[in-house]
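Values below: every heavy atom of this structure, side chains too, minus hydrogens, waters and symmetry copies. The first residue of the sequence shown is numbered 1, and numbering continues consecutively from there. When a ligand or atom number is given, it counts from 1 through the structure's own listing order.
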Amino acid sequence: MEKTFLMVKPDGVQRGLIGEIVTRFEKKGLKLLAGKIMVVTEEQAKTHYIEHESKPFFGSLISYITSGPVFAMVWEGKDSVALTRSMIGATKPTDAAPGTIRGDYAVEMSRNLIHGSDSVESAEREIANMFKADELVSYEQATAKWLYE
Ligand SMILES: Nc1ncnc2c1ncn2[C@@H]1O[C@H](COP(=O)(O)OP(=O)(O)OP(=O)(O)O)[C@@H](O)[C@H]1O
């Protein structure tokens, strides 16, 4: 089983798309281990996007991701990193296939609604940057069946 870090970016929160996005992953069969509305600090943003530090768009990327609340999540399931990346779609909305989140709802590359980890290692680093260990339920807890009395 694999964990991944997903984040509805400020444009997705402002457009009221949290529920729509969460529903897609729930219906796919992934389990939500943690989720919170939060404002990303500049320090967290720079750690999150460290691989883009030398890129010309780094400054605007940091301003954008810290500009308003995001909805940060941890999901777990088989092949969750690859599955969620394919459900999110290409970075550039014009390349994102219809049926993907960006393909259905995003227009601009710099306002592409959602982030998803690109590897298991990135997911571990990104989760640790945004969550404390005790904010996550376990996969066993997330899959436990509710029973009638
Ligand atoms: N050439 C670019 N010009 C402007 N913004 C860009 C460019 N390339 C990437 N970005 C922005 O930086 C973010 C991170 O880029 P990355 O290549 O990691 O894409 P991604 O993995 O699809 O997106 P994310 O990391 O947000 O999930 C993109 O989501 C996009 O908003």
Participant: Just which atoms of ligand 1 are under 4.0 Å from any heavy atom in His52?
Facilitator: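 So the answer, numbered in order with elements, is 14 (C), 15 (O), 16 (P), 17 (O), 18 (O).
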Participant: At less than 4.0 angstrom from any non-hydrogen atom of Gly116, what atoms of ligand 1 do you find?
Facilitator: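 Within the 4.0 Å cut-off of Gly116, ligand 1 contributes 27 (O).
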Participant: Does any N or O atom in Glu51 lie less than 3.5 angstrom from one in ligand 1, N or O only?
Facilitator: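 No, there is no polar N/O contact under 3.5 Å.
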Participant: Relative to atom 20 (P) of ligand 1, which among Leu6, Asn112, Thr91, Ile114 owns the nearest non-hydrogen atom?
Facilitator: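 Among Leu6, Asn112, Thr91, Ile114, the closest heavy atom to atom 20 (P) of ligand 1 belongs to Thr91.
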Participant: For atom 3 (N) of ligand 1, what's the nearest protein heavy-atom neighbour? Residue, atom name and distance, please.
Facilitator: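 Scanning the protein heavy atoms, the shortest distance from atom 3 (N) of ligand 1 goes to Phe57 CD2, 3.6 Å.
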Participant: Applying a strict 4.0 Å limit to heavy atoms, is Glu126 in contact with ligand 1?
Facilitator: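 Glu126 does not count as a contact of ligand 1 under the 4.0 Å cut-off.
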Participant: Evaluate salt bridge (Lys or Arg N to Asp or Glu O under 4.0 Å) for Lys36 paired with Glu135, printing each intermediate quantity in order.
Facilitator: CA-CA 9 Å; Lys36 64 181 174 185; Glu135 289 181 289; 3.2 Å; yes
Participant: If you measure every N or O of Ser110 against every N or O of ligand 1, does any of those distances drop under 3.5 Å?
Facilitator: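 No, Ser110 has no N/O under 3.5 Å of an N/O on ligand 1.
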Participant: Indicate every side-chain donor-acceptor pair of residues 66-77 with a distance under 3.5 Å to a residue at least two apart or in another chain.
Facilitator:
from  : atom 1 : to    : atom 2 : distance (Å)
Thr66 : OG1    : Ile62 : O      : 2.7
Thr66 : OG1    : Ser63 : O      : 3.2
Ser67 : OG     : Tyr64 : O      : 2.6

Participant: Going by ring-ring contact (aromatic ring centres under 6.0 Å, His included), name the residues that satisfy it together with Phe57, two or more places apart in sequence or in a different chain.
Facilitator: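 Phe57 satisfies ring-ring contact (aromatic ring centres under 6.0 Å, His included) with His52 once adjacent residues are dropped.
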Participant: Could you list which atoms of ligand 1 come closer than 4.0 Å to a heavy atom of Leu61?
Facilitator: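 Counting atoms of ligand 1 from 1, those under 4.0 Å from Leu61 are 11 (C), 12 (O), 13 (C).
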Participant: Heavy atom of Arg85 under 4.0 Å from ligand 1?
Facilitator: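 Within the 4.0 Å threshold, so yes.
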